[in-house]
Amino acid sequence: QVQLVESGGGLVQPGESLRLSCAASGLTFSTYAMIWYRQAPGKGRELVATISGTGGTTNYADSMKGRFTISRDNAKNTVYLQMNILKPEDTAVYYCNARRASGLGLVYWGQGTQVTVSS
């Protein structure tokens with residue numbers, strides 16, 4: 001049984017930082033690429049960042065480059081999203097996603113964690 005449990009969301013002011021975590025269980029963690037998505041009210045789901053199974057390759061959406069950092073600790077079965085210089089437009093529910101690089105097998109989602117950036 002695969003579970004992804006996100007945490008770390010909350011309310012912060014513009015310019016502040018937040019670190020999200022997604023703890024995975026029930027899978028061979030290092031064989032899964034991990035992806036952070038976000039979805040703001042009334043908007044579609046947006047890809048935020050990706051990281052390969054061993055952490056060697058990362059990618060970011062243009063609006064997050066230089067502000068957000070994705071990382072993983074395979075010993076802890078956890079992926080992180082460090083978010084700096086947060087802006088009101090970063091307000092969204094953030095989801096983590098796990099998928100095999102082969103594209104085979106199920107794709108797993110966390111429950112989401114709310115990030116609100118407001119003064």
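Numbers for residues simply follow the sequence, beginning at 1. Computed from a predicted structure; not experimentally measured.
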With side-chain contact (heavy atoms from CB on, under 4.5 Å) as the criterion, how do R100 and Y32 come out once you've worked through the C-alpha distance, each side chain's angles and the decisive distance to 0.1 Å? CA-CA 5 Å; R100 297 292 298 271; Y32 283 80; 3.4 Å; yes
Do the side chains of [Y] and [X] get nearer than 4.5 Å, heavy atoms only?
| X | Y | result |
| --- | --- | --- |
| T69 | Y60 | yes |
| F29 | M34 | yes |
| M83 | S17 | no |
| V93 | T113 | no |
| S118 | P88 | no |
| R99 | I35 | yes |

So how far is it from [X] [atom1] to [Y] [atom2], rounded to the nearest 0.5 Å?
| X | Y | atom1 | atom2 | answer |
| --- | --- | --- | --- | --- |
| I51 | Y80 | CD1 | OH | 11.0 Å |
| T91 | E89 | OG1 | CD | 8.5 Å |
| S119 | E16 | OG | CD | 10.5 Å |
| W36 | I70 | CH2 | CD1 | 8.0 Å |
| T31 | L27 | OG1 | CG | 7.0 Å |
| M64 | R38 | CE | CZ | 3.0 Å |

Any chain of hydrophobic side-chain contacts (each under 4.5 Å) joining L106 to V79? yes
Determine, using the 4.5 Å side-chain heavy-atom cutoff (strictly less than), whether V117 and Y37 are members of one ILVMFWY cluster. no
What is the ring orientation for F68 with Y94, classed by angle as parallel under 30°, tilted 30 to 60°, or perpendicular over 60°? tilted
T78 side chain vs K76 backbone, donor-acceptor pair below 3.5 Å: yes
Taking all atoms of both residues into account, what is the closest heavy-atom pair of W109 and V107, and its distance? NE1-CG1, 4.0 Å
Show the nearest heavy-atom pair for residues L4 and A24, with the distance to one decimal. CD2-CB, 3.5 Å
Report the C-alpha separation of L81 and V48 in whole Å, then their side-chain angles, then the decisive distance to 0.1 Å, and conclude whether the side-chain contact (heavy atoms from CB on, under 4.5 Å) test is met. CA-CA 9 Å; L81 184 67; V48 175; 4.1 Å; yes
Can N74 and S30 be said to form a side-chain hydrogen bond (donor to acceptor under 3.5 Å, both in side chains), step by step? CA-CA 6 Å; N74 285 352; S30 63; 4.8 Å; no
Is there a side-chain contact (heavy atoms from CB on, under 4.5 Å) between E46 and S63 once you walk through the steps? CA-CA 11 Å; E46 177 185 23; S63 62; 4.1 Å; yes
Which of these, Q111, E6, R72, sits in a side chain to side chain contact (heavy atoms under 4.5 Å, CB included) with C22? E6
Sidechain N-carboxylate O distance under 4.0 Å for D90, K87: no
Would you please test L86 and L18 for side-chain contact (heavy atoms from CB on, under 4.5 Å) and show each step? CA-CA 8 Å; L86 283 163; L18 206 58; 3.8 Å; yes
